[in-house]
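Below is one structure, written out as structure tokens, with a few remarks after it.
The chain is numbered in sequence order, starting from 1. Counting starts at 1 for both ligands and their atoms, following the listed order. No experiment lies behind these values; they were computed from the predicted model shown.
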Amino acid sequence: MTHDPSGSTSTDRRTFLQAGAVAAAAAATAGHAAVAQEPGQEKAEGAEKALSIPRRPLGKTGIDVTMLNAGTGRGAGIQRILRYAYSQGIRCFDTSQRYQSEGDFKQWFQQEPAVRKEIFVVTKDLPKAPAEIMPMLDQRLAAMGTDYVDLFFVHSFGDNHPLDEAIAYVKSKEFKQAADAVKKAGKARLVGISTHHRNRAQILQAAAEGGIVDAIMVQYSPWLDKDAPLNKALDACHKAGIGLISMKQLAGHFLGTGQQKNMLDEVKEKVPMLAERDLTPFQALLHAIWTDERIASSCVSMTNTDQIRLNSEAARRFTPLKAADLKSLRDADLAHGPTLCADCDGRCAHAAGTAAALGDLTRFLTYHEHHGLRSKARECYDALPAEARDWRGADLEAARAACPSKLDFARLLPEVDRRLA
Ligand code: SF4
């Protein structure tokens, strides 16, 4: 049993959804961190009351990070977004070579040099071989106008290698040497991988065995089955002291068919906890994720100040969800037809008797429709081989029945063709 901060006890969610131990430690961490002040905060925030976001340990790195991480995957011109996120207490920021936001960081650091040391900066690039990490990191540092980042990720790990090569890479002597070299040079405090690969459970298991990576950013869902390979891999990484950052967790939820406003009202009716805690469905999703204490921080791409305010407020008000509340939130989410492939081994395609990459196709549609990443969505779609795009003849009802997220392929795949083909 785990202690619930409301005063009651709740059944450990190990028995219900997933194997991560939860709650008590997370609540303690949140409570402790919520009162922490940031050095130099007054200077950067003027006379406004300083806000803070609870922090959690990033694995066994010895570094605590804010539970909410501002993703910047929306291109250049995000000065206002960065500064507003900072004013809300967010101290973890995520960019990459691909996002075009590095220039905004550079400008911010030039105008407010004190900020650099107060935030945890994550960037990423695509080194095909470990030997490319140092020169690519040098380019990232120059683009951001800083001489170090806190965490460097090999981006989209697994997408640019066959799976066996990716697994060998993450455990290789060459990767260890490259990671040690950038840390020794003071250019990155930590090194890791980010992945949304369909076989990311195997990649995470290999990373846990390899003992090289400090942190992993991973596409995550709070509705993982206890026995899902990804759930077990997260356990292995957590046990190995790897810091875990979740990503791609809000887009594609509560946005199925129909008007979103009506849908959100319906969700509120179905999940009484939302009114009891005065949470929006999206805030509750974040609470569901943070109830998994293996997740140190959630990277959320926020494109306007309302999203930043609501998500920051959710972090400040976080208390772990009870198993019954997790279940009703999950049921409401699945009932409204999520669009994003959440996890797994591609059992949908197997059940449907097709070579089409059904999970990837729905993921790219989510990029297009919910992340606003239209060019990226089309590029990803174009990069798939023809047979991976051709879902005709597939048994889409069987695919839906097999999918843990119950994606409505019969509705989504024609949309994929319409928007991306
Ligand atoms: S079954 Fe669902 S979660 Fe698994 S790969 Fe297919 S779409 Fe993704």
Side-chain angles (χ1 to χ4, degrees), residues 17-19 156-159 162-163 166 194-205 217-234 246-257 285 288-289 292 295 326 329-371 377 380-381 383-385 387-417 419-420:
L17 285 175
Q18 58 190 27
S156 300
F157 196 82
D159 287 5
L163 183 61
S194 70
T195 182
H196 50 228
H197 193 272
R198 79 165 68 161
N199 297 114
R200 59 196 178 283
Q202 284 169 263
I203 290 171
L204 263 63
Q205 283 286 359
M217 183 155 78
V218 60
Q219 184 182 331
Y220 173 85
S221 159
W223 321 137
L224 294 173
D225 288 337
K226 175 168 79 66
D227 295 324
L230 182 59
N231 197 46
K232 291 183 174 171
L234 289 168
S246 64
M247 66 167 166
K248 295 186 166 66
Q249 59 252 297
L250 296 190
H253 294 279
F254 305 123
L255 291 164
T257 49
L285 260 184
I289 293 160
D292 184 343
I295 302 300
L326 279 168
L329 188 64
R330 180 197 64 174
D331 291 349
D333 182 25
L334 297 185
H336 284 90
T339 64
L340 185 64
C341 161
D343 161 56
C344 92
D345 45 11
R347 65 190 74 165
C348 48
H350 185 70
T354 178
L358 303 186
D360 286 341
L361 292 171
T362 54
R363 183 156 57 87
F364 302 155
L365 180 65
T366 307
Y367 289 167
H368 189 277
E369 295 298 287
H370 301 165
H371 288 161
C380 291
Y381 179 86
L384 285 177
E387 68 270 20
R389 294 186 296 221
D390 183 7
W391 51 269
R392 260 151 287 273
D395 182 345
L396 299 184
E397 277 315 308
R400 182 177 192 171
C403 175
S405 297
K406 302 292 172 234
L407 297 195
D408 184 355
F409 296 102
R411 179 178 65 83
L412 296 170
L413 293 173
E415 279 296 298
V416 169
D417 286 357
R419 308 273 179 191
L420 305 180

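Under a 4.0 Å criterion applied to the non-hydrogen atoms of Phe409, ligand 1 contributes the atoms 7 (S). The Arg347 neighbourhood of ligand 1 comprises atoms 1 (S), with distances under 4.0 Å to a heavy atom of that residue. Using a 4.0 Å cut-off to heavy atoms of Gly359, the atoms of ligand 1 that qualify are 7 (S). In the vicinity of Cys403, heavy-atom distances shorter than 4.0 Å reach the ligand 1 atoms 1 (S), 2 (Fe), 3 (S), 7 (S).
Distances shorter than 4.0 angstrom occur between a heavy atom of Leu407 and an atom of ligand 1.
Atoms CZ and OG1, from Arg411 and Thr362 in turn, are 10.5 Å apart once rounded to the nearest 0.5 Å. We find the CE-OG distance between Met217 and Ser246 to be 9.0 Å, quoted to the nearest 0.5 Å.
Of all heavy-atom pairs spanning Ala402 and Arg347, the tightest one is O-CD, 3.2 Å. Between Glu397 and Ala410 the shortest heavy-atom distance is OE2-CB, 4.5 Å.
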_Thr195 and Gln219: CA distance, side-chain angles, deciding distance, side chain to side chain contact (heavy atoms under 4.5 Å, CB included) verdict_ = CA-CA 7 Å; Thr195 182; Gln219 184 182 331; over 6 Å; no

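For residue Cys348, an N/O/S atom approaches atom 6 (Fe) of ligand 1 to within less than 2.8 Å.
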